[in-house]
Amino acid sequence: MITAEQKPVTEIINYISPYRRILLVGCNECVTVCAAGGKKEVGILASVLHLHFLKQGKNLEIDEITLERQCDPEYVEELAPHIDRADAILSMACGCGVQTIASRYKEKIVFPAVNTKFMGASESQGIWAERCQGCGDCMLGITGGICPVARCSKHLLNGPCGGTSNGQCEIGPETDCAWRLIWERLKELGMEDRYEEIMEAKDWRPSGGAGPRKIIREDLSL
Amino acid sequence: MKVNTQSNLEKVLKAGHLGVTSECGPPRGSDPEEVKEKGSLIKDHVDAVNVTDNQTAMTRMSSLAACVHLKLMGIEPVLQMVTRDRNRVALQSDILGAASFDIPNMLCLSGDHQSFGDCAQGQNVHDLDSMQLVQTVRHMRDEGKFLGGDDIKRPPKIFVGAAANPFADPFEIRVPRLAKKIACGAEFIQTQCIYNLDKFEEWMKQVCDRGLHEKTFIMAGMTPMKSVGMAKYMKNRVPGMDVPNEVIDRLAGVDKKDQAQEGIDICVEAIQRLKEIEGVSGFHIMAIEWEEKVPEIVERSGLYPRPEV
């Protein structure tokens, strides 16, 4: 999923302070799972903002709505009846959601309330970690299901650098060396010979090197 | 053994001599005298001088420019290039730039992570990794072509090296990793600083068991300790470094004013021991900001005078 974290409240306040009527929009997908921008967080942020502006003698009107998916025009359309009542939109979705709103409601300013972080998975309760960089040419089939592009700090494709200590990355003990994990996994699978296959220079075009990416499925297009 | 370049280092190694290299870290400024001075301190005692490429990710004078200063003094440089800061366009371009000055050696590295340096906010590149960089230089030299397939007018004639760290984790991947670097075309290897001689010998035995020492020249990396403080720093703070407690205890066991000399002694003794090990083709002496000690180390290790080839 796409992970996100709420922005510092002071930054959000700076964005919306010129406005009085705010449409605060959550998303039921990834940001709900990572507890950054779902219905619950929309409610909490609305209370925090209310309180802040009340202390300053300003009665903020906040319309709270949580959409099924903010990155989907079909659901973003549901905001249409609420738009006229808002001076500004505050989105708690990832950057995809913010941009979908911005492109649909061109006359309204939209602010992000979260920082979109990475494509990751839950490691344990309350901990998410990066797992994929969307390189567009998945090599997990030859690296034992562990991605060196996303999980090696240097995106090294042919093995660990010389900085690994106690199985951890040189950048710090909280990061596992991806190549140590790959090696251990290949050994478990009895496939450590695979390690010596040389990975040639990667074609980064599908990774974004060729510019912003798009998927066009003619079989699904109307 | 066929010599492919004008590299003195290549000729020395292929003639069967133990090679000796050292290194020069370029300054954090534009004064060329610092590089020249370091070079002049060591030039008579080594076959070639490595010039580091923004080591520990601290911004410095470019490796290529510093190499040119050495080359113009008649000192043979080993251009170190890391893949951290440049994509394949810039790497190939700098390889040609180096070749235009007839810089005959290159060491291909991934480079320390930028978070260690003075531009931690910067983005790293790593378009290629160190093995792919080895492949790239060999392709440019041997095929006379760019990665993109076009012909190179006057292809670079460069003796190509890579690094190996026998001490980083996981230990058992370190020999296969060396094999991979050799398969990519690494003609010489300079290792991480060796303090744990037993572990190095264990690694080297595995290297020899696979016959890898016959496919590349392995130069053992040596860095003399200046003090017990440096030894502790290396042990605890430098990623991938293995400093046994015996080294620290030995330095701690002498007066502070004698620790530097003790460090030199440890280094010389290590070289003398490793000279006898099968698979060791030479020594890469990295006396960090202590270049003036290189002649003493080389002479006392019985590696002087350097052969004329």
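Everything numeric here is computed off the predicted structure, so don't read it as measured data.
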Within 6.0 Å of [atom1] in [X], more than 12 heavy atoms from elsewhere:
X       : atom1 : answer
E218(A) : CD    : no
K199(B) : NZ    : yes
K108(A) : NZ    : yes
K205(B) : NZ    : no
R185(A) : CZ    : no
R213(A) : CZ    : yes
K39(A)  : NZ    : no
K215(B) : NZ    : no

Highest number of heavy-atom pairs under 4.5 Å with chain A: which of [options]?
options                            : result
R84(B), H126(B), Q192(B)           : H126(B)
V238(B), L109(B), D112(B)          : D112(B)
A164(B), A168(B), P176(B), P166(B) : P176(B)

So, taking the atom named [atom1] in [X] and the one named [atom2] in [Y], what distance separates them when rounded to the nearest 0.5 Å?
X       : Y       : atom1 : atom2 : result
E200(A) : C184(B) : CD    : SG    : 7.5 Å
C152(A) : H113(B) : SG    : NE2   : 8.5 Å
T164(A) : N165(B) : OG1   : CG    : 8.0 Å
I173(B) : W179(A) : CD1   : CH2   : 7.0 Å
S153(A) : Q114(B) : OG    : CD    : 8.5 Å
L128(B) : H155(A) : CG    : NE2   : 12.5 Å

| request: Please report the C-alpha distance between W204(A) and R88(B) in whole Å, then the side-chain angles of each, then the deciding distance to 0.1 Å, and finally whether the side-chain contact (heavy atoms from CB on, under 4.5 Å) criterion is met. | output: CA-CA 11 Å; W204(A) 294 105; R88(B) 64 191 82 180; 3.3 Å; yes
| Can you tell which of K181(B), Q135(B), K180(B) makes a side-chain hydrogen bond (donor to acceptor under 3.5 Å, both in side chains) with N158(A)? | K180(B)
| message | Can you tell me which of G159(A), G209(A), G172(A), C169(A) forms the most heavy-atom pairs within a distance under 4.5 Å of chain B? | response | G159(A)
| request: Tell me, out of E197(A), E170(A), Q168(A), E184(A), who's got the most heavy-atom pairs with chain B below 4.5 Å. | output: E170(A)
| query | Side chain of K154(A), backbone of S110(B): donor and acceptor closer than 3.5 Å? | reply |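 No, K154(A) side chain to S110(B) backbone: no donor-acceptor pair under 3.5 Å.
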| task | Please report the C-alpha distance between E172(B) and K187(A) in whole Å, then the side-chain angles of each, then the deciding distance to 0.1 Å, and finally whether the side-chain contact (heavy atoms from CB on, under 4.5 Å) criterion is met. | result | CA-CA 11 Å; E172(B) 58 193 352; K187(A) 266 202 319 185; 2.4 Å; yes
| query | Are the side chains of I198(A) and M131(B) in touch, meaning some heavy atoms are under 4.5 Å apart? | reply | no
| field | Non-hydrogen side-chain atoms of D169(B) and P160(A) separated by less than 4.5 Å | value | no
Contact class of [X] relative to chain B, heavy atoms under 4.5 angstrom:
X       : answer
E192(A) : neither
C177(A) : neither
D193(A) : neither

Of the non-hydrogen atoms in [X] and [Y], which two are nearest, and what is the gap between them?
X       : Y       : result
R180(A) : P170(B) : CG-CG, 3.9 Å
R174(B) : G162(A) : NH1-CA, 4.1 Å
E196(A) : A179(B) : OE1-CB, 3.6 Å
C161(A) : R177(B) : CA-NH2, 4.0 Å

| said: Heavy-atom cut-off 4.5 Å, strictly under: side chain, backbone, both or neither for F167(B) against chain A? | reply: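 Contact with chain A involves no heavy atom of F167(B) at all.
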| field | Toward chain A, the part of D242(B) with a non-hydrogen atom under 4.5 Å | value | neither
